[in-house]
Protein chains: 2
Amino acid sequence: MVKEKLGSNVTMEFKHQPTATLAEVAEAAGVGESTVSRVLRNHGSFSGKTRERVMAAVERLGYVPNRIAGTLASTGSRLVAFVIPSLSNIVFPDVLRGAGAVLEENRYQAVFSVTDYDPGKEEALAAAMLAWRPAAVMLAGCEHTEGTVKMLRASGCRVVELLDLDGDALDIAVGFSNRAAGRESAAFLLKRGYRRIGYVGHDLNRDTRAGKRFSSFCETLDAHDAPLVAREILPGASSVENGRLGLERLLARTTDLDAVYFSNDDMALGGYFHCLAEGISIPSKLAIFGYNGLDIGRATPQPLSTIRTPRVATGEIAAQLVVANAPAQAVDLGFELIEGATA
Amino acid sequence: MVKEKLGSNVTMEFKHQPTATLAEVAEAAGVGESTVSRVLRNHGSFSGKTRERVMAAVERLGYVPNRIAGTLASTGSRLVAFVIPSLSNIVFPDVLRGAGAVLEENRYQAVFSVTDYDPGKEEALAAAMLAWRPAAVMLAGCEHTEGTVKMLRASGCRVVELLDLDGDALDIAVGFSNRAAGRESAAFLLKRGYRRIGYVGHDLNRDTRAGKRFSSFCETLDAHDAPLVAREILPGASSVENGRLGLERLLARTTDLDAVYFSNDDMALGGYFHCLAEGISIPSKLAIFGYNGLDIGRATPQPLSTIRTPRVATGEIAAQLVVANAPAQAVDLGFELIEGATA
DNA sequence: CCGCAAATTGGTAGCGCTGCCAAAAAACCC
DNA sequence: GGGTTTTTTGGCAGCGCTACCAATTTGCGG
């Protein structure tokens, strides 16, 4: 399993190598340290020939500026910290992708850690992130422990809450309303004439955004005298397999459903596959509705009926606001209901 | 779209807030700076009551240590830099997830940037990462520009190459052989009796690992006198939609295929959906084989035939080796062929 | 060729912490 | 109780860079 690489100096070469420093570059170029610094950051004024001499020395020594030192010396850091619930749920990589691109362009650096949907862990990780004195901290949702909130408030760094506008924002919030999403999903199913509706979801205590969608979904059904008929909540994270299992269980208990709302597209796909496997015709016998608008839902034999959320855009906008040091605000990016063919 | 949050002091509160420093804590606790430092890092010796006084002061001032300063002052950083091709391809979030968990436990911090499969960008980003003086840089694969290699060599930090063992490693390599994966995929299809085999893939110039699988797949077919019948290569990244489109095109050109190898599971799922939609029965009329072993492939009506790769484990092992400052080595985690029901 | 403004430059004090060393205090042993 | 150890502590010099300020050089008009 583990094949040691043949060769002599295995560990030797990793002694902390004396990297060139700014002072050495200055010396080599025959100029002052501050001049090198100015040239490298292209900030302040310097003559063309100075620039060339400095760059030549940089090249010659293979100098790579030390951002740690630079950040410490200057006032503001160019780090942005992400504290996200999960990397398995594609939602968060999508947000990271959007934000990462913008941050990169602006020479910011993204650092991240994963909470596993655990508010306690979120607090601990937020504290750990703050130790890097980031320019901003980005978190999922607007539900945080008291400790987290207090800490973030006290930190003086920008705070961006992502993907959930149903609550009070600490500073910047970018996303959309999950309650509205739940509401519109219900309204859509009702409009289509479905009345006996069930729900298959994953652990809602942890994923509060899914919880919000679900509760407003139910409220809407109630308001139309078509209360939820049955639900199946699986412990653990959302997954295609859980969706399939959940629907199977739900149908075993409840025979006359005409539509099922899933906590998200992963779950819904699982449900869809279950129907395909069992020969349950969609949507005539059973309708399926998801949430997220994953690309895969467009390529299934029948496009999935769902709500497409602006995940990448959420990351982009969030990053742009941070880079621009925009004032506190909430940005509603909305979402799009995809009619699809499964409902 | 953008609703300004009502309220007065919009920007004021973000002036660089004077966070408490170690010196202030020391002062407040009535001890020396080094004592505070020792207590906080639980390193060196100090009495129980000193500890309490320090912790009380820390609590009182809401002190959060500045890791930037700490890192600069101490020799080695606890940063690990990831330079990955993509966040859309679930492979990389999976690796990050595995590595992130281990790094977190060991109080390391992950930073990342995304190359979009562009070697030039990889070089630029690697340079940017090096500026943070990370303990290690993790890259995908073992194909890098000359500049990247030179830079990494000179940096003196650990280098980990992930997910590809077919090549010379710079330092540590963790993953498996893509060539072997391609070979075994071909062998499996041949063993099942398929002889007229096609391929649907995404941009192989960029994704060199997929390219390696494909070329050794073809070699194996050739060696068994069943050369590849047709191929359809789509520009751009892999996706379910491209897989579907690719298979559609391939079948339009070539009528008598009995199996298709896809560049990965995303693509294969697309192909699978195409067959479902067109009523092409699987695997009797057409077999489908993927790569990656995504969870979703286990939940489809017919489990996808594929190769399951140890993505999370790759991240975990890589992180463990870095944390342990292990000697240079290549770790072959292997992969598992999932027979599934689509081939 | 002088005087003054503008453009360049270098010196240096930190940024907040750690690592080293020596001083002080506590513990221990005849 | 004196002489050692051993533990606990504080002081302080950097880590490599940036920000500020003062010094130097250059440009230009008269």
Side-chain angles (χ1 to χ4, degrees), chain A residues 16-54 57-58 61-79 107 109 130-135 155-157, chain B residues 16-54 57-58 61-79 107 130-135 155-156:
Chain A
H16 193 62
Q17 200 159 325
T19 331
T21 67
L22 207 175
E24 289 167 351
V25 174
E27 164 108 66
V31 300
E33 294 185 34
S34 24
T35 302
V36 176
S37 176
R38 273 185 298 255
V39 171
L40 257 28
R41 285 178 300 148
N42 196 33
H43 175 280
S45 66
F46 44 84
S47 69
K49 64 192 72 110
T50 301
R51 196 195 125 83
E52 275 172 31
R53 284 167 61 191
V54 169
V58 164
L61 299 179
Y63 172 69
V64 177
N66 185 331
R67 286 258 235 165
I68 302 273
T71 303
L72 180 61
S74 59
T75 40
S77 92
R78 278 180 174 275
L79 282 172
R107 309 194 323 125
Q109 181 61 59
L130 250 20
W132 290 101
R133 298 292 187 275
S155 74
C157 82
Chain B
H16 195 60
Q17 200 159 326
T19 330
T21 68
L22 208 176
E24 289 166 351
V25 174
E27 164 108 67
V31 300
E33 293 185 36
S34 23
T35 303
V36 176
S37 176
R38 273 185 299 253
V39 171
L40 257 28
R41 284 178 300 149
N42 196 33
H43 175 283
S45 65
F46 44 84
S47 70
K49 63 191 73 111
T50 302
R51 198 196 125 81
E52 275 172 32
R53 284 167 60 192
V54 169
V58 164
L61 299 180
Y63 172 68
V64 177
N66 184 331
R67 287 256 235 168
I68 301 274
T71 302
L72 179 62
S74 60
T75 38
S77 93
R78 278 179 174 276
L79 281 172
R107 311 193 321 122
L130 250 21
W132 290 101
R133 298 293 186 274
S155 74

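Keep in mind the model is a prediction, meaning the values are calculated, not measured. Below, chains carry the letters A, B, ... as their sequence lines are ordered, and counting in each starts from 1.
The side chain of A:Ala69 sits closest to D:dC17 out of D:dC17, C:dT18, C:dA7. Nearest nucleotide to the A:Thr35 side chain, out of D:dG16, C:dT8, C:dG10: C:dG10. Closest contact between the side chain of B:Thr21 and the listed nucleotides C:dC17, C:dT8, D:dT9 involves C:dC17.
A donor-acceptor contact closer than 3.5 angstrom is absent between the side chains of A:Arg53 and A:Thr50.
Taking only side-chain nitrogens and oxygens, A:Arg51 never comes nearer than 4.0 Å to OP1 or OP2 of C:dT8. Of the side-chain N and O atoms in B:Ser45, none sit less than 4.0 angstrom from OP1 or OP2 of D:dT7. For A:Arg38, no side-chain nitrogen or oxygen approaches OP1 or OP2 of C:dT8 to under 4.0 Å. OP1 or OP2 of C:dC15 has not a single side-chain nitrogen or oxygen of A:Arg133 nearer than 4.0 Å.
Among the heavy atoms of the strands lying under 4.0 Å from B:Ser34 is at least one base atom, whether or not backbone atoms are also near. Among the protein residues, B:Thr71 comes within range of no part of the nucleic acid, since none of its heavy atoms lies under 4.0 Å from any strand.
Within residues 61-68 of chain A, the residues approaching DNA chain D are A:Tyr63, A:Pro65, A:Asn66, by heavy-atom distance under 4.0 Å.
Nearest-nucleotide assignment on DNA chain C puts the 5′-proximal partner with A:Thr50, out of A:Thr50 and A:Glu33.
Computed from coordinates, the A:Lys49 NZ to C:dT9 C1' distance equals 13 Å when rounded to whole Å.
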